[in-house]
Asks: 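Shown below is the structure under consideration.
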Amino acid sequence: MKAEVTAIIEMAPEGGFWAICSEFPGANGQGETFEKTKENLRQAVELIVQDRMGAD
């Protein structure tokens with residue numbers, strides 16, 4: 001199943017990027033590139049969803 005969420009991705013002052021997803025409090029990511037940051041945020045959201053569903 002695929003779903004769309006809103007990601008806020010901004011440049012970090014020290015370099016790279018940081019990201020949050022307001023639909024999933026606590027979901028955040030960071031990375032040296034935009035794509036890596038987006039991937040890290042996606043993984044954080046997946047972990048939160050798995051945790052809420054009680055999946056291992």
Asks: I want to check something: taking the side chain as every heavy atom from C-beta on, are T37 and W18 in contact at a cut-off of under 4.5 Å?
Replies: no

Asks: Using a cut-off of 6.0 Å, state whether more than 12 heavy atoms not belonging to Q30 lie near its atom CD.
Replies: no

Asks: How long is the span from the CD1 atom in I48 to the CG atom in N28, to the nearest 0.5 Å?
Replies: 8.0 Å

Asks: Kindly compute the distance separating NZ (K38) from CD1 (I9), expressed to the nearest 0.5 Å.
Replies: 7.0 Å

Asks: Verify whether one side chain among E46 and Q50 offers a donor that lies under 3.5 Å from an acceptor in the other.
Replies: no

Asks: Does I8 share a hydrophobic cluster with M11, counting links as ILVMFWY side-chain heavy atoms below 4.5 Å and allowing steps through other members?
Replies: no

Asks: Grab the two heavy atoms, one from S22 and one from P25, that are nearest each other, plus how far apart they are.
Replies: O-CD, 4.0 Å

Asks: Would you indicate whether the side-chain heavy atoms of L41 and C21 approach each other to under 4.5 Å?
Replies: yes

Asks: For E32, I'd like to know if atom CD has over 12 heavy atoms of other residues, nucleotides or ligands within 6.0 Å.
Replies: no

Asks: For E39 and K36: C-alpha separation, side-chain torsions, deciding distance, then whether salt bridge (Lys or Arg N to Asp or Glu O under 4.0 Å) applies.
Replies: CA-CA 5 Å; E39 174 63 18; K36 185 62 176 172; over 6 Å; no

